[in-house]
Structure formats: C-alpha cells, structure tokens
Number of protein chains: 2
Amino acid sequence: MKPKEEFHLKQCRQKIRAIHDTLDVLNGKWKISIISCLCYAPMRYSELLKEVHGISGKMLSRELKDLEMNNLIKRNVLDTQPVVVKYEITEYGSSLKELTNVIADWGIKHREKIINS
Amino acid sequence: MKPKEEFHLKQCRQKIRAIHDTLDVLNGKWKISIISCLCYAPMRYSELLKEVHGISGKMLSRELKDLEMNNLIKRNVLDTQPVVVKYEITEYGSSLKELTNVIADWGIKHREKIINS
DNA sequence: CCGGATCCTCGTGGATACTG
DNA sequence: CAGTATCCACGAGGATCCGG
C-alpha cells in the first residue's frame, strides 16, 4: 500500500471511531429531536410529549434521563402546585446545535428529492 | 402566545420533521460509519467488515442493501475469478459528507471532554 | 470472496394502569 | 402534571453454517 493511501485509511479509522463516540451519546431515534427542540426554548415534559411527534411517555422520560446523565440537558423542578418541570439545554448540549442543523438541512433536501422523483 | 413564539415553534416543528426524515434513511448505528468510510475510497465487502469495527456480516450486507436502495451507494460486481465486489459512494451519497464530518468533529470533542473530567 | 439462511437473544418501544 | 411499573411484541443484531 502506498504511504498516501495508508494515511487516508488512518484518517478514515479515526473518523469512524469519532462517529461511534457521538452515536453512543445520541443513540435511538429521539435524542437528536429532543435536543433540537430544547435548543429553541426550555420545555416541560408534556410540551415535549406533544412536540416530539410519535414519542411515548416512557421513552421520553428514559431519553431525558440519558441526556441529563450526559450533561446535555438540565432538569428544573419549579416549586409550584402542581409541580412543573422544565427541561433546558446546557451549554455543553448547545454545542450540538450545528449538528442538528446539518441533519435537518439534509432531511429537507432529501424530502424534496423524494417528492421530485 | 405571542406571534414571535409561535413562529419559533413552527420552525422547531419543521426542524424535527426534517431530522426524522434524515434518521429514517440513516437509522441504526452503522450506516453513517459506512458512508463515511466509502467517502474516502471505494471498498470491498471484506474491507468494510474490517474497517467498520464491530459490525457483523449479516448487518453489513443488510445495511449496504438499504443504502443502495436509497441510492446513497453503488454496488459494482467486477468480472473476475473469484468475484470481487466494490462498493462506492454515489453523488447523492456524497452530499452526506458534511454531515459525517460534523458528527465526527463532535465525537472528537466529546472524547476529549470525557477524558479531561 | 461475497454473502444468504437460520436460529437465538436481548433491547427498544408501545399500551395501559397507577402514584404523588 | 410528571412521571413509574408492568406486560408484551417486534426487530436489531450476533453466531454459525451453507452455497455460488
């Protein structure tokens, strides 16, 4: 193998490892949507349940717990009656905003392509 | 609700729909890695099996079939003995390159953050 | 070498009912 | 309102063997 190819291959492997690292944190089909949603505004549990279309209550609470563990979102319990819980994105979580934008942009293009074919 | 908030909410919903569209095509934990790999060079089945670390043969062939159906990659059977099969990225598939870069970049940052904490 | 077929396991995820 | 608990179905995904 030529040195140049070998270099490319090394880059490729590093990239795959990095992608795997990201997907470990954002696994499942909901987490990116939740992050994207909370990038716009803090939201309550019930609001997320409506906005993230198709998610069930169990999955939402599970995913929220995961995201909180990874310090991507923050859970705020407001001291009211009845209880109100607000989820908001952390500073670290907002570093994912570009990622969500790129994914959403491609989705829009893809949808157009499907419709036109 | 104020008009401005309502506008934001609309944007948010559209974005979530777009994200879902993308994830429908790139579901599972392997497709993005495969795409990223083929962005570097066309590869054979057995090469991908080594490069995409952890994937099993069954999953690889299944994912490749999915990606081919969505016109993101192309399967080339070379007329040799024994048979050689090369997978390469299509023009449409290469429109995902930016996406893979952004995901990989975040993965690298995230790994650094984990190590430093 | 490139997979397909088969069998098996386990996690994902929905539905529903229930608690504070 | 904001979840938890339980039950259940289904598909993801691994292991292994087989065929062109």
Between A:Val83 and A:Met59, which residue's closest nucleotide on DNA chain C lies nearer the 5′ terminus? A:Met59
Above 12 or not: heavy atoms from other molecules or residues under 6.0 Å from CD of B:Glu98? no
Quick check: closest heavy atoms across B:Val52 and B:Ser33, and the distance to 0.1 Å? CG1-CB, 4.2 Å
Minimum-distance pair of heavy atoms, taken over all atoms of A:Leu9 and B:Met43: CD1-CE, 4.2 Å
Mind checking if A:Lys86 touches a base, just sugar-phosphate, or nothing, with heavy atoms under 4.0 Å? nothing
Return the value, rounded to whole Å, for the distance between atom [atom1] of [X] and atom [atom2] of [N].
X	N	atom1	atom2	result
B:His53	D:dG14	NE2	P	12 Å
B:Asn27	D:dG13	CG	C1'	13 Å
A:Asp79	D:dC1	CG	P	18 Å
A:Lys50	D:dC1	NZ	P	8 Å
B:Trp30	D:dG13	CH2	P	8 Å
B:Leu49	C:dC2	CG	C1'	10 Å
A:Glu63	D:dA2	CD	C1'	17 Å
A:Leu60	D:dG3	CG	P	8 Å

Please determine, for the side chain of [X], which listed nucleotide ([options]) has the closest atom?
X	options	answer
A:Val84	C:dT12, D:dA2, D:dG14	D:dA2
B:Arg75	D:dG3, C:dC1, C:dC2	C:dC2
B:Val85	C:dG3, D:dG13, D:dA2	C:dG3
A:Lys58	C:dC1, D:dG14, D:dC7	D:dC7
B:Ser46	C:dC2, C:dC1, D:dA2	C:dC2
B:Tyr45	C:dG13, D:dG13, C:dG3	C:dG3
B:Ser61	C:dG4, D:dA15, C:dA15	C:dG4

Report yes if the side chains of A:Tyr45 and A:Leu64 come closer than 4.5 Å at any heavy-atom pair, otherwise no. yes
Would you say a side-chain N or O of [X] is under 4.0 Å from OP1 or OP2 of [N]?
X	N	result
B:Arg62	D:dA12	yes
A:Arg44	D:dA2	yes
A:Lys65	D:dT4	yes

Does the distance from a Lys or Arg side-chain N to an Asp or Glu carboxylate O, for B:Lys31 and B:Glu63, drop under 4.0 Å? yes
